[in-house]
Amino acid sequence: DILQKKIYEEAGCEFNINSPKQLGKVLFEDLKLGTPKKTKTGYSTDVGVLEDLASEHQLPELILEYRSLSKLKSTYIDALIDLIKEGKGRVHTSFNQAVAATGRLSSSDPNLQNIPIRTEVGRKIRKAFVAEPDMLLLSADYSQIELRVLAHLSKDEVLIDAFKNNEDIHTITASQIFGIKLKDISKEQRAAGKTVNFATIYGQGAFGLSKQLSIDVAEAKRYIDAYFKRYPKVDIYRDMVLSKARETGFVETLFERKRFVPDLNSKNIMVKQAAERAAFNTVFQGTAADIIKKAMIKLHMELPDKCADAKMLLQVHDELLFEVSNKHVDILKPYVKDVMENVVQLDIPLIVDIGVGASWVDVY
DNA sequence: GGCATCACG
DNA sequence: ACGTACGTGATGCCC
Ligand SMILES: [Mg+2]
Ligand SMILES: [Mg+2]
């Protein structure tokens, strides 16, 4: 309410802050800020646009804070409270096995795969997910599984070496693209290395990377060129996957899950390039999904024997969350780690980080 | 019910 | 000149 009042003061009028249409009018017509951008229906007011406008006026930052709080309240606080089972203190989701095109699971009604964690306020919401009395939550999370799968599939020696030596891949990439020694990489450079690693697996271009890192396009292009120069097999592997897929009409994961991508032969360049990004990404997003599914099946079969009072609660793409008695947590921990790390054998090790705690923020 | 936005991996 | 990062689901607005 306080934020709302401040927003009306800064705007010089009252309006529905949740309406992008009304907000766009206030920002771009009344206040005449920035250079209005695009959407099908009007001005864009998304987080990237508002961040750019923040240098010109107080209002955008207030809107961003309002948006963030409003999202957390409506999507999580208000909605989840109504779904808590009477007297049980538990919420139940549906996991959908045939929705995501890559082979991932999805979760709905409610979605428990997108519970907040990235902000301070968000973590307060996640903290409400707790174990029963005398029980603990145990989270087991694959470390950089998609990049490891990419290393395996592409057979790139530098990537494989890095993972075999259990080095920090984001620091390695930073060192490669900046041409600086590992030990001299700063926090900021490591963060840029991380962004560039993600840029590759999503097929991001210089334009997108430059926006994300707030650098100019030429600089971003240098990073991307340096990446493919240092990890040459990744580039070759991408070409190989896509040329095969153009002929067969599909891409497949290491375990032969197929995704048909007809737009790979589109004559519309934009459509074709979007299909290429989706197709390439599917190979390792899908392989990672196959791996965690194999681990879940094995755990499901063996858990009654190995640790009868442990429950597998959630899967969040590269994480499994369990509830287990205080008494048996030390049995569960090495067992889950071993199953997840060794359910498949690749040319690089898979690493699983395990954490234990009373709530879903205390497990990290 | 489409669109814009934003929560997660 | 244009558009530009993969995969999801829920919410509020607006028609
Ligand atoms: Mg992880
Ligand atoms: Mg994770």
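Chain naming here is simple, since letters A, B, ... match the order of the sequence lines and numbering starts at 1 in each.
- With hydrophobic clusters built from ILVMFWY side chains whose heavy atoms lie under 4.5 angstrom apart, A:I236 does not share a cluster with A:V234.
- Following rounding to the nearest Å, A:D318 (CG) and C:dT8 (P) show an atom-to-atom distance of 17 Å.
- Counting any heavy atom pair closer than 4.0 Å across all strands shown, A:Q22 reaches sugar-phosphate atoms only and no base atom.
- Closest to the side chain of A:S19, out of C:dG7, C:dG9, C:dC14, is C:dC14.
- Within the nucleic acid shown, A:S107 comes within 4.0 Å of sugar-phosphate atoms alone, with no base atom in reach, counting heavy atoms only.
- Look at OH on A:Y76: it is 13 Å from P on C:dG9, rounded to the nearest Å.
- As rounded to the nearest Å, C:dT4 and B:dC3 have P atoms that lie 15 Å from one another.
- Heavy atoms of A:N114 sit under 4.0 angstrom from at least one base atom.
- Taking atom CZ of A:F198 as the reference point, atom P of C:dG7 lies 16 Å away to the nearest angstrom.
- Side-chain contact between A:R222 and A:E219: present, with at least one pair of heavy atoms (C-beta onward) separated by less than 4.5 Å.
- Using a cutoff of 4.0 Å between basic side-chain nitrogens and carboxylate oxygens, A:R259 and A:E252 are not scored as salt-bridged.
- For A:N111, no side-chain nitrogen or oxygen approaches OP1 or OP2 of C:dT8 to under 4.0 Å.
- Looking at heavy-atom distances under 4.0 Å, A:A199 makes no contact with the nucleic acid at all.
- Side-chain atoms of A:N96 lie closest to C:dG9 of the nucleotides C:dG9, C:dG7, C:dC14.
- For A:K294 and A:F255, the positive end sits near the middle of the six-membered ring, less than 6.0 Å away and at most 45° from its axis.
- Taking OG1 of A:T119 as the reference point, atom CG of A:L69 lies at 8.5 Å (rounded to 0.5 Å).
- In this structure, CG of A:L209 is placed 16 Å from P of C:dT4, rounded to the nearest angstrom.
- The listed nucleotides are C:dC14, C:dG7, C:dT11; the one nearest the side chain of A:S74 is C:dT11.
- Using a cutoff of 4.0 Å between basic side-chain nitrogens and carboxylate oxygens, A:E61 and A:K6 are not scored as salt-bridged.
- The residue A:K211 sits apart from the nucleic acid: no heavy atom pair falls under 4.0 Å.
- Rounding to whole angstrom units, CG of residue A:L105 and P of C:dG9 are separated by 11 Å.
- Regarding contacts with the backbone of C:dG12, every side-chain N or O of A:K21 stays at 4.0 angstrom or more from both OP1 and OP2.
- In the set C:dG7, C:dT8, C:dA10, C:dT8 carries the atom at the smallest distance from any side-chain atom of A:S106.
- Considering every non-hydrogen atom in both A:A192 and A:L213, the closest pair reads CA-CD2, 4.1 Å.
- Using a 4.0 Å heavy-atom criterion, one finds that A:S70 contacts no nucleic acid atom at all.
- Checking C:dG9, C:dG7, C:dT4 against every side-chain atom of A:M270, the shortest atom distance belongs to C:dT4.
- The residue A:A79 sits close only to the backbone: its heavy atoms come under 4.0 Å of sugar-phosphate atoms, none of a base.
- Side-chain nitrogen and oxygen atoms of A:R259 include at least one within less than 4.0 Å of the OP1 or OP2 phosphate oxygen of C:dG7.
- Not counting sequence neighbours, the partners of A:Q315 by the side-chain hydrogen bond (donor to acceptor under 3.5 Å, both in side chains) test are A:Q113.
- The span of DNA chain B lying next to chain A, judged by atoms under 4.0 Å from heavy atoms, is bounded 5' to 3' by B:dC3 to B:dG9.
- At the heavy-atom level, A:R104 lies under 4.0 Å from base atoms of the strands shown.
- With rounding to whole Å, A:I17 atom CD1 is found 18 Å from C:dC14 atom C1'.
- As a whole-Å value, the separation of A:Q204 CD from C:dG7 P is 14 Å.
- Here A:R67 lies in heavy-atom contact (under 4.0 Å) with sugar-phosphate atoms only.
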